[in-house]
Amino acid sequence: MPIRLHDSLTRSLRELKPAQPDGVFRFYNCGPTVYAAAHIGNFRTFIINDVLRRLLELEFGLGKVKHVRNLTDVDDRTIGQAKAEQRPLAEITKKWTAHFHADCTALNCLPPHAEPTATGYIKEQVSMIEVLIEQGNAYRAADGSVYFKVSSFADYGKLSRVKERELQATDTVADSDHKDSVSGFALWKAHKPAEDGDVKWPGPRGAAEGRPGWHIECSAMSKAILGDTIDLHTGGVDLLFPHHENEIAQSQCCNGTTFANHWYHSEHLLVDGTTMSKSKGNYYTLGDLTAKGYSAMAVRYALLMGHPRKQLNFTLDSLHAAESALERLRKIAQQFMAKCACTETEFSTYKHPSGIDDWSIFGLSYDALRDDLNTPMALGWLFEWANKFDFSDQDKPYRYEFEIAALSRLMFAFGFDLFVQTEKAQTPAAITALADKRWAAKQAKDFAGADALRKELAAAGWSMLDGKDGYTLEPRKR
RNA sequence: GGUGCGGUAGCCAAGUGGUAAGGCCGAGCUCUGCAAAAGCUCUAUUCGGCGGUUCGAUUCCGCCCCGCACCUCCA
């Protein structure tokens, strides 16, 4: 069964396969703008793309997938943030890039094979713009900015189906604030000292110094790293128009060939049934959630609970459900591991994409993933089969290794690291003292005293879990 | 107004022209000094509303109601 994925261009499910003879699947995913902490909505998209990349590696093999995700480090927002903080642009973008990487690591997202920055590819962007000017697809405005002439590209609107929109406006861009207009969008923005400070580069021939427009960076970096035609280009739905529409226009006019063979867009995350916004108090970053005591892995799980092409309603309750479900998954894995004395490390080593085709009882789950990345269905099958698996079957021991290898690979596809070593909060000495006291009381069969101490611990925010030979303490959740 | 996506149990969420996956929560039982953990069991005569097509619709069609998103620099 091949991997099939929805294609926004044809609005149908299409098989994913590398077009180039070298068999390498080329895949570009629009990345974040590094001017603040990314929110969990952003991460939904990146996690979905991470699952896709893992799936492709499982399918085509390691080294047969080239995943590129850019960092937008120069645009209105990054410049605005630098200005607001009165710091150099590079300092701001460096800081938030590091923050983004830390979040990605915590969420167990594999680093892309290349992570280009817009400022690292100014030359490439400038040359593309020059080609577009020479060919008559772009023109210089009076202030030295350069705009793409939408009317010069017949296929404009094909992706977003907005062709019939009122595109009949003039070819002259008269807007004074340098925003895109109906007939064109900015490829190059002339330097404006008051807004841009010292952020500027030499422009395309005949244009002023300034900085690139937003859309051109992806076209240039995709071309530079992956070539003129790529296998897949992805992003959130909001990028469908104008960003991706404009990328197609620029790239195809410049390169004279198809830009991307396949387009995929994941839907947005809703929080409490509505758009996330700071004023509604439902705006979460990963840090906000981990500060509440949730694990990053649970956040990842929660973001995969819904179909990627459907809006997903994220709530603190659903995150709690994710935390429990993940714990359940861990128990399931341990049941299999116990049967064949597999260690956590060994479980992890099974993760290597191996081309093994035996998916054992997890085949349906894996198939669901391959069928348009249906993560909720895959999770459903996973639990369904794990639940009905008979662990008491004595004739089965030799089979457990297949089960466990399959489960391990499935966990790799989802990107669930079941055995991450999480930093346990340090238990205050006073709490330990109380717990010791209670344990002693319990051993002495002073149950009334033990209960009183349990209550005291609870009041202090700790749960005491009694074991056979001792106790463990953990912070009370919620 | 244009374009697109949805409305399925207390919550989250799959799915199919043939009679509703899964997770969470909750309940009961076993276990347990208590608590936790673990195990077992149970939890939608019904899929926003009204019509239509059909032997049969939650699934197809029409209309209506409601929600969300995009419509020039938001993943």
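Only heavy atoms go into these numbers, but all of them, side chains included; no hydrogens, no water, no symmetry mates. By convention in this document, chain letters (A, B, ...) are assigned in the order of the sequence lines, proteins followed by strands, and residues within each chain are numbered from 1. In this text the structure is predicted, and so the values were computed from the model without any measurement.
A distance of about 33 Å separates the P atoms of B:rC70 and B:rC25, rounded to the whole Å. Taking atom C1' on both B:rA37 and B:rA20, the two are 32 Å apart, rounded to the nearest angstrom. Taking atom P in both B:rU8 and B:rG48, one finds a spacing of 7 Å when rounded to whole Å. For B:rU3 and B:rG62, the P atoms lie 15 Å apart once the distance is rounded to whole Å. Separating the P atom of B:rC42 from that of B:rG33 is a span of 28 Å, rounded to the nearest Å. Annotation: B:rA14 and B:rG7 have their P atoms spaced 8 Å apart (nearest Å). As rounded to the nearest Å, B:rA57 and B:rA75 have C1' atoms that lie 37 Å from one another. Rounded to a whole angstrom, the distance from the P atom of B:rC5 to that of B:rA44 is 32 Å.
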Secondary structure string for RNA chain B (Watson-Crick or G-U under 3.5 angstrom, | for other-strand pairs): (((((((..(((.....[...))).(((((.......))))).....(((((..]....))))))))))))....
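Remark: ring of A:Phe383 not stacked against base of B:rG22; the cut-offs of centroid gap under 5.5 Å and plane tilt under 30° are not jointly satisfied.
A:His39 is linked by a ring-ring contact (aromatic ring centres under 6.0 Å, His included) to A:Tyr283, counting only residues two or more places apart in sequence or in another chain. Shown here are the side chain to side chain contact (heavy atoms under 4.5 Å, CB included) partners of A:Glu403, two or more places apart in sequence or in another chain: A:Phe336, A:Ser360, A:Ile361, A:Phe389, A:Arg399, A:Tyr400. Legend: residues meeting side chain to side chain contact (heavy atoms under 4.5 Å, CB included) with A:Arg309, ordered by chain and number and at least two apart, are A:His6, A:Leu13, A:Tyr264, A:His307, A:Asp372. Residues that satisfy the ring-ring contact (aromatic ring centres under 6.0 Å, His included) test with A:Phe362, not counting sequence neighbours, are absent from this structure. Applying the side chain to side chain donor-acceptor pair (under 3.5 Å) test to A:Thr10 and every residue at least two apart in sequence or in another chain returns A:Asp7, A:Ser12. Partners of A:His244 by ring-ring contact (aromatic ring centres under 6.0 Å, His included), not counting sequence neighbours, listed by chain and number: A:His233, A:Trp263, A:His265. Residues satisfying the side chain to side chain contact (heavy atoms under 4.5 Å, CB included) criterion with A:Thr274, sequence neighbours excluded, are A:Lys280, A:Asn282.
Side-chain contact of A:Asn49 with A:Arg44: a donor-acceptor pair under 3.5 Å is absent, judged by distance alone. Side-chain N/O atoms of A:Glu115 and A:Asn70 include no donor and acceptor closer than 3.5 Å. A donor atom on one side chain and an acceptor atom on the other are not found under 3.5 Å apart for A:Thr78 and A:Asp73.
The nucleotide whose nearest atom lies closest to any side-chain atom of A:Ser324 is, among B:rC24, B:rC68, B:rU72, B:rC24. Of the candidate nucleotides B:rC25, B:rA75, B:rU72, B:rA75 has the atom nearest to the side chain of A:Arg77. Nearest to the side chain of A:Asp466, among B:rC25, B:rA75, B:rC34, sits B:rC34.
You won't find any donor-acceptor pair under 3.5 Å spanning the side chain of A:Arg44 and the base of B:rA75, going by distance alone.
Heavy atoms of A:Gly213 sit nowhere under 4.0 angstrom from any nucleic acid atom. Residue contacts shown for A:Gly380 include a base, since a base heavy atom lies under 4.0 Å away. Using a 4.0 Å heavy-atom cutoff across all strands shown, A:Leu239 reaches sugar-phosphate atoms only and no base atom.
Rounded to whole Å, the distance from CG on A:Leu382 to C1' on B:rC24 is 15 Å. Distance A:Leu71 CG to B:rA75 C1': 14 Å, rounded to the nearest Å. Residue A:Ile361 contributes atom CD1, which lies 15 Å from atom P of B:rG22 at whole-angstrom precision. Between the CG atom of A:Asp446 and the P atom of B:rC34 there is a distance of 16 Å, given to the nearest Å. In this structure, CG of A:Leu269 is placed 13 Å from P of B:rA75, rounded to the nearest angstrom. Look at CG on A:Asn387: it is 9 Å from P on B:rC24, rounded to the nearest Å. The CD-P distance, from A:Glu323 to B:rA37, rounds to 14 Å in whole Å. Note: CD (A:Glu384) to P (B:rG22) measures 5 Å, nearest angstrom.
A:Arg438 has no side-chain polar atom (N or O) that falls below the 4.0 Å cut-off from OP1 or OP2 of B:rG33. Applying the 4.0 Å criterion to OP1 and OP2 of B:rC74, one finds that A:Thr33 has every side-chain N and O outside that range. Distances shorter than 4.0 Å separate none of the side-chain N or O atoms of A:Arg309 from OP1 or OP2 on B:rC5.
A cation-pi arrangement is found for A:Arg409 relative to A:Trp359, the charged atom lying closer than 6.0 Å to the ring centre and inside a 45° cone about the ring normal. Relative to the six-membered ring of A:Phe46, A:Arg69 meets both conditions, a distance below 6.0 Å and an angle of at most 45° to the axis.
The number of heavy atoms from other shown groups lying within 6.0 Å of NZ (A:Lys445) does not exceed 12.
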ring-ring contact (aromatic ring centres under 6.0 Å, His included) between A:Tyr147 and A:Phe185, intermediate numbers included: CA-CA 5 Å; A:Tyr147 291 85; A:Phe185 54 87; 8.8 Å; no
Considering only distance and modelled atom types, tabulate donor-acceptor pairs under 3.5 Å from the side chains of residues 374-386 of chain A, sequence neighbours left out.
{"unit_1": "A:Asn374", "atom_1": "OD1", "unit_2": "A:Met377", "atom_2": "N", "d": "3.2"}
{"unit_1": "A:Thr375", "atom_1": "OG1", "unit_2": "A:Leu304", "atom_2": "O", "d": "2.9"}
{"unit_1": "A:Thr375", "atom_1": "OG1", "unit_2": "A:Gly306", "atom_2": "O", "d": "3.2"}

Pairs under 3.5 Å (N/O, protein and nucleotides 26-32 of chain B):
none

Could you go over nucleotides 9-15 of chain B and give all protein N or O partners under 3.5 Å, atom names and distances?
{"unit_1": "B:rC12", "atom_1": "OP1", "unit_2": "A:Asn313", "atom_2": "ND2", "d": "3.3"}
{"unit_1": "B:rA13", "atom_1": "OP1", "unit_2": "A:Asn313", "atom_2": "N", "d": "3.0"}
{"unit_1": "B:rA14", "atom_1": "OP1", "unit_2": "A:His307", "atom_2": "N", "d": "2.6"}
{"unit_1": "B:rA14", "atom_1": "OP2", "unit_2": "A:Lys310", "atom_2": "NZ", "d": "3.0"}
{"unit_1": "B:rA14", "atom_1": "O3'", "unit_2": "A:Asn374", "atom_2": "ND2", "d": "3.4"}
{"unit_1": "B:rG15", "atom_1": "OP1", "unit_2": "A:Asn374", "atom_2": "ND2", "d": "2.9"}

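Distance alone, capped at 3.5 Å, is enough to place a donor-acceptor pair between the A:Arg300 side chain and the A:Leu107 backbone.
In the region residues 326-333 of chain A, proximity to RNA chain B at under 4.0 angstrom, judged on heavy atoms, holds for A:Arg328, A:Lys331.
Looking at which nucleotide of RNA chain B each of A:Phe447 and A:Leu465 is closest to, the 5′-most match is held by A:Phe447.
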